Amino acid sequence: MSETIFSKIIRREIPADIVYEDDAVLGFSDVNPQAPVHVLFIPKQAIPTLNEATPADAELLGKLLLAAAAYAKQLGLAERGYRVVVNCNEEAGQTVFHLHLHLLAGRRMHWPPG
Ligand code: DGP
């Protein structure tokens, strides 16, 4: 099991700006936003990194993506565009080892990312 700060957010033991919730997924504003909209979508069932995801998690991974898309549509940002990012392990910049999907929107994105 991977206990991180995100587990505490799921259990409401520390505060977060929760903007989305369903049976499997929680979405909350990133504490260090990199865009006008920066929301993290996490599975309630913790997976440390994308490397530990298995075929049994396929539906859950799909739910994370669909939650991000639904939220972008809800904000009216879907047509303009948005970026979805999953950092996996240290070299990619992952700092919290509870799989999460970053939704970034509200400004022009650059490529390649830094
Ligand atoms: P990553 O670098 O991909 O592991 O992203 C982790 C993100 O989590 C990072 O952008 C900052 C955010 N974060 C870390 N601790 C907290 C917290 O306690 N609350 C919130 N809302 N976000 C956090």
Side-chain angles (χ1 to χ4, degrees):
M1 295 305 292
S2 53
E3 175 76 18
T4 69
I5 193 97
F6 290 176
S7 301
K8 292 184 167 57
I9 290 174
I10 291 168
R11 295 197 299 265
R12 274 50 173 192
E13 290 172 8
I14 63 167
D17 174 32
I18 294 171
V19 299
Y20 178 91
E21 182 166 23
D22 64 30
D23 59 327
V25 175
L26 193 71
F28 53 92
S29 300
D30 194 294
V31 77
N32 183 24
Q34 302 301 311
V37 174
H38 188 171
V39 173
L40 303 174
F41 290 87
I42 67 172
K44 291 182 177 176
Q45 169 202 318
I47 301 169
T49 82
L50 192 57
N51 289 333
E52 285 74 41
T54 72
D57 299 313
E59 185 178 352
L60 181 59
L61 296 174
K63 285 182 175 181
L64 287 172
L65 278 170
L66 291 171
Y71 187 65
K73 286 176 192 161
Q74 183 187 318
L75 292 182
L77 290 168
E79 294 307 317
R80 275 176 63 186
Y82 55 89
R83 182 167 290 174
V84 168
V85 173
V86 176
N87 295 323
C88 181
N89 271 340
E90 190 267 337
E91 197 161 317
Q94 185 175 4
T95 58
V96 179
F97 289 85
H98 180 136
L99 176 68
H100 50 281
L101 185 157
H102 296 255
L103 170 68
L104 298 146
R107 67 165 170 84
R108 178 161 295 279
M109 302 291 158
H110 305 288
W111 195 264

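Only heavy atoms go into these numbers, but all of them, side chains included; no hydrogens, no water, no symmetry mates. Model, not experiment: these values are computed from the prediction. Counting starts at 1 for both ligands and their atoms, following the listed order.
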Atom 1 (P) of ligand 1: the protein heavy-atom neighbour that sits closest, reported with distance to 0.1 Å:
His100 NE2, 3.1 Å
Heavy atom of the protein closest to atom 22 (N) of ligand 1 (residue, atom name, distance):
Val31 N, 3.3 Å
Test of understanding: given a 4.0 Å heavy-atom threshold, classify the contact between Ile9 and ligand 1 as side chain, backbone, both, or neither.
side chain
If you measure every N/O of Ser29 against every N/O of ligand 1, is any gap under 3.5 Å?
yes
Return a yes/no value for Asn32: is any of its N or O atoms, backbone included, closer than 3.5 angstrom to an N or O of ligand 1?
no
Assess the pair Phe6 and Phe28: is the distance between their ring centroids shorter than 6.0 Å?
yes
Is the shortest N/O to N/O distance between Val96 and ligand 1 below 3.5 Å?
yes
Strictly distance-based, threshold 3.5 Å: is any side-chain N or O of Glu52 a donor or acceptor partner for the main-chain N or O of Leu99?
no
Tell me which part of Thr95 gets within contact of ligand 1: side chain, backbone, both or neither, using heavy atoms under 4.0 Å.
both
Could you tell me whether Gly93 and ligand 1 have an N or O pair separated by under 3.5 Å?
yes
For ligand 1, which part of His102 has a heavy atom less than 4.0 Å away: the side chain, the backbone, both, or neither?
side chain
Stepwise side chain to side chain contact (heavy atoms under 4.5 Å, CB included) check, Asn87 with Thr49:
CA-CA 8 Å; Asn87 295 323; Thr49 82; over 6 Å; no
N or O pair under 3.5 Å between Ile5 and ligand 1
no
How does Leu40 reach ligand 1, if at all, at less than 4.0 Å between non-hydrogen atoms: by side chain, backbone, both, or neither?
side chain
Quick one: do Leu60 and Tyr20 end up in the same hydrophobic cluster if we chain Ile, Leu, Val, Met, Phe, Trp and Tyr together by side-chain heavy atoms under 4.5 Å apart?
yes
Atom 9 (C) of ligand 1 has as its nearest protein heavy atom Asp30 OD2, 3.3 Å
Are His102 and His100 an aromatic pair, judged by ring center distance below 6.0 Å?
yes
